[in-house]
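Each remark here refers to the structure printed beneath this line.
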Amino acid sequence: MKGGSITIDVDGRKKTVRLTRAHLEEDAGKSLHESFRDLTGIDLNRAGTPLLEIVSEPDMRSAQEAAAYARVLHKLIVEDIQICDGNMQEGSFRCDANVSVRPAGSDTLGTRCEIKNLNSFRFLERAIEFEARRQIGILEDGGKIVQETRLYDAERDETRSMRTKEEAHDYRYFPDPDLLPLEVSDKWIEEIRSSMPESLEAKRRRYVSEYGLSLDTALQLTSARDKAEFFEKSVRATDIKLFPKIAEDIANSTLGVLMSRANDEGLELSRIPITPQQHAKLRERVADGTVSTSIAKEILDAMWAGERDPDSIIAKRGLKQISDSGELERFCDQVIAGNAQQVADYRSGKEKAFNSLVGQVMKLTQGKANPQQVTEILKRKLSGR
Amino acid sequence: MHNATLKSLSASLSARAFSSVELTRHFVNRINQLNPKYNCFITLDPERSLKQAEAADRMRSAGRGQPLTGIPIAQKDIFCAQGWLTTCGSKILSNFTSPYDAHVVERLNAAGAVTLGKTNMDEFAMGSSSETSYYGPVRNPWDVDKVPGGSSGGSAAAVAARLAPSAIGTDTGGSIRQPAALSGICGLKPTYGVVSRYGMIAFASSLDQGGPLGRSAEDLALLLNVMAGFDPRDSTSLEREWEDYTRELGKAVKGLKIGLPEEFFAKGAAPDVVRAVETAVGEFRKLGCETVEVGLPNMKLSVPVYYVLAPAEASSNLARYDGVRYGYRAPEYADLPDMYKKSRAQGFGPEVKRRILIGTYVLSHGYYDAYYIQAQRVRRLIARDFAEVFKRCDVIMGPTSPTTAFRIGEKMGDPVQMYLNDIYTTPANLAGLPGLSIPCGFDGKGLPVGLQMIGNYFGEAKMLGIAHQFQQATDWHQRMPPGIQ
């Protein structure tokens with residue numbers, strides 16, 4: 001595969017890194033030097049597994065940019081297309097960094113050295129920084145850079161020569177007669193394209209256009225796949241025609257109460273005890289006025305604790321919001337009669353006293369009164385009409 | 001018993017004239033008696049063979065007998081067979097017991113065939129005389145001072161000496177057809193991709209192809225029926241409908257067009273060989289075939305092209321023998337690179353080393369384009385020559401080998417002379433075409449001459465039919481080496 005690009009963000013500046021190509025290889029074994037005193041262990045467990053190499057153009061200008069690029073790529077592969085667990089320590093994702101330096105103002109790239117098998121973003125940055133300093137030192141002393149492959153020693157924070165270009169010629173690559181040319185049909189490409197998971201970037205755009213979310217909310221939802229998935233499954237379980245604004249409420253609830261509880265318990269959203277469908281039903285009950293937002297929190301606690309269905313929780317605990325105006329009028333009358341001081345304060349212009357009266361009604365109804373209706377009724381009654 | 005064809009052995013087993021155990025024991029006895037003279041086998045395991053024979057007898061009793069059930073087959077020691085020492089004729093694999101079966105072996109086992117033993121061969125199939133084996137040279141049953149051809153020389157000599165009814169081998173540049181010719185038996189290299197290379201120790205992957213060796217075209221057809229078939233573990237295995245390779249055995253050859261390439265009858269071939277082949281062609285004319293003169297102008301480049309490509313692929317394939325995971329490891333070494341070097345230096349013989357060096361050289365930077373790429377281009381020209389020729393004829397005929405069997409040691413000092421022995425056989429490998437060799441006469445010293453037939457892609461059934469008709473009219477394939485009863 002040839003072409004493509006990746007956008008990175010370094011200190012708020014956006015930058016595009018062009019991709020040269022991506023190709024498939026087979027992973028080889030790896031040598032283990034630790035815990036084999038004076039010996040080399042060979043781990044062949046990875047041998048033969050597919051390896052995707054993605055080669056970029058020389059578009060990055062600092063170690064920070066390289067690390068930002070690697071991070072974007074890592075996220076893309078691990079979260080977006082989900083073809084790799086991304087475990088860097090085990091070498092599932094690793095980088096080879098080609099480093100060259102040039103005098104300020106020059107527009108020709110210097111001779112490069114390749115640093116192999118960097119297995120953390122931090123090492124990638126440090127190795128590039130060391131290598132750049134090494135090359136600058138050589139050039140300032142009037143020396144020349146020899147194109148070669150180098151290894152980064154994290155313990156000593158330095159790079160060391162592994163093999164020079166001359167030896168690289170001894171690779172003797174030739175077309176493997178056991179690997180026949182593959183005919184990739186347009187149909188196959190289309191099949192794969194249509195079975196690809198939607199990228200987080202595409203989701204972000206869609207959340208804004210399809211669900212009318214703010215860009216900021218959409219960004220938060222698509223910062224990780226589990227959030228986006230929980231949100232989307234919840235929205236899909238609701239009738240969006242009946243509740244046109246429910247997507248925003250679901251987004252807020254996902255990012256707010258659910259995320260914070262999940263974080264508290266160290267769970268991913270896909271593992272919490274509430275399903276997106278149950279979550280959706282609860283938000284519908286808020287949207288249709290069955291329960292208030294604050295009662296909804298109480299129901300959520302019960303759901304989290306194992307009582308799965310919000311409707312049966314509402315029924316069992318009698319949490320249905322009181323929206324019957326006759327009933328609410330009686331509660332309001334009771335509060336007005338019992339709080340002469342606050343009524344007088346309000347009538348004399350102290351707005352704060354009104355909130356206290358609303359609070360009294362809510363208390364009396366154990367939070368079940370529809371707060372909007374209560375406000376309307378109290379205002380009407382207190383204005384003397 | 002040891003002179004019967006597969007078909008009649010199969011009929012006798014089916015009729016309970018004798019059991020597979022009796023048949024196998026008969027061949028084991030012959031091998032015990034005669035193998036010291038010919039050195040056809042590297043490994044024998046009569047106990048294991050007889051167990052297979054017992055199982056085969058049970059298969060037949062249970063009514064599950066197939067044509068090859070209970071028939072002992074000798075296997076070239078290039079095929080991995082589970083539990084069998086599998087050496088490829090090399091010291092570097094002299095301690096390698098295969099943990100798995102090659103596809104061909106799986107199929108033979110499933111058909112109930114009995115593994116009679118693993119046959120001697122040129123080391124890693126590199127040779128035309130079966131002299132480069134770590135286990136010593138194979139001797140030609142027609143004259144024990146002569147080579148049986150190679151690299152499947154152990155398989156060919158075993159069939160010729162009636163130590164096995166049939167055998168399997170591999171052909172990278174003629175390694176089935178040339179020993180068949182020099183040992184006076186029949187051998188077929190199928191179209192590339194017809195027989196799976198899985199578990200067949202790789203020499204030159206784009207050229208290697210397994211095939212049968214036997215005493216008649218009919219026997220080859222019966223064996224190929226079991227050997228051929230798609231195998232997803234070999235990426236070059238062809239996914240095709242199963243075909244019955246015996247289906248054209250009864251077909252008359254009248255009106256068939258035989259192409260005679262002038263290059264096959266040029267100066268290089270010994271007069272005795274040309275005479276025998278021409279006599280055989282005359283026999284085909286008598287059967288009603290027509291002959292046409294054809295040309296393969298690029299054929300003369302086959303040997304140089306072959307000796308660039310085959311070593312290039314071999315140098316890559318043989319890189320795996322490093323003494324680390326399996327195979328021979330030098331007993332003493334200083335460090336890891338030294339262990340590699342010493343294991344390979346001690347484990348490979350001189351011909352294998354020569355080819356690794358040639359292959360390494362032609363693939364190295366600066367020479368790759370001039371040798372490897374150029375050879376690939378010429379390879380395409382050779383294939384194109386054949387495509388042109390097959391527009392004008394059904395099958396090509398000529399000698400299998402320019403000479404009859406030569407003296408043991410005669411060409412060991414001169415690799416180029418040895419390589420030139422492959423001049424008529426390498427073109428079919430380079431083009432991926434099927435090639436067949438059948439006995440067609442003798443030279444003045446009584447050594448057998450092989451007639452080679454090259455067919456178009458997937459022409460095996462047709463070629464076997466043509467050969468069968470020839471063998472109905474002649475008896476060259478029934479002649480026995482002197483002293484064999």
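Keep in mind that this is a model prediction, so the values were computed, not measured. When reading the values below, keep in mind they use all heavy atoms of this one structure, side chains included, and skip hydrogens, waters and symmetry mates. Residue numbers start from 1 in every chain, and the chains themselves are labelled A, B, ... in the order their sequence lines are given, proteins ahead of strands.
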Report task. Would you check if the distance from the ring center of Phe174(A) to the ring center of Tyr372(B) is below 6.0 Å? Result -> yes
Report task. Give a yes or no on whether Glu201(A) atom CD has more than 12 heavy-atom contacts from other residues, nucleotides or ligands under 6.0 Å away. Result -> no
Query raised in the report: By side-chain hydrogen bond (donor to acceptor under 3.5 Å, both in side chains), which residues pair with Asp422(B), not counting sequence neighbours?
Result: Ser128(B), Tyr307(B)
Requested in this report: Please indicate whether Lys341(B) has more than 12 foreign heavy atoms, meaning atoms of other residues, nucleotides or ligands, lying under 6.0 Å from its NZ.
Outcome: no
**Report entry** Segment of Ser315(B) engaging chain A (4.5 angstrom heavy-atom cut-off)
**Finding:** neither
Report task. Tell me, yes or no, whether the heavy-atom count around Tyr152(A) atom OH, taken from other residues, nucleotides or ligands under 6.0 Å, exceeds 12. Result -> yes
Report task. Calculate, to the nearest 0.5 Å, the distance between atoms OG1 and CG belonging to Thr40(A) and Asp335(B) respectively. Result -> 10.0 Å
Query raised in the report: Which atom names give the shortest non-hydrogen contact between Asp178(A) and Ser205(B), and what distance separates them?
Result: OD2-OG, 3.4 Å
Query raised in the report: Do other residues, nucleotides or ligands put more than 12 heavy atoms under 6.0 Å from the CD atom of Glu25(A)?
Result: yes
Query raised in the report: Would Arg325(B) and Ile42(A) count as a side-chain contact (heavy atoms from CB on, under 4.5 Å) if you check the C-alpha gap in whole Å, the side-chain angles of each, and the deciding distance to 0.1 Å?
Result: CA-CA 10 Å; Arg325(B) 289 145 299 167; Ile42(A) 299 182; over 6 Å; no
Report summary line: When the 4.5 angstrom heavy-atom criterion is applied to Leu39(A) and chain B, the contacting part is neither
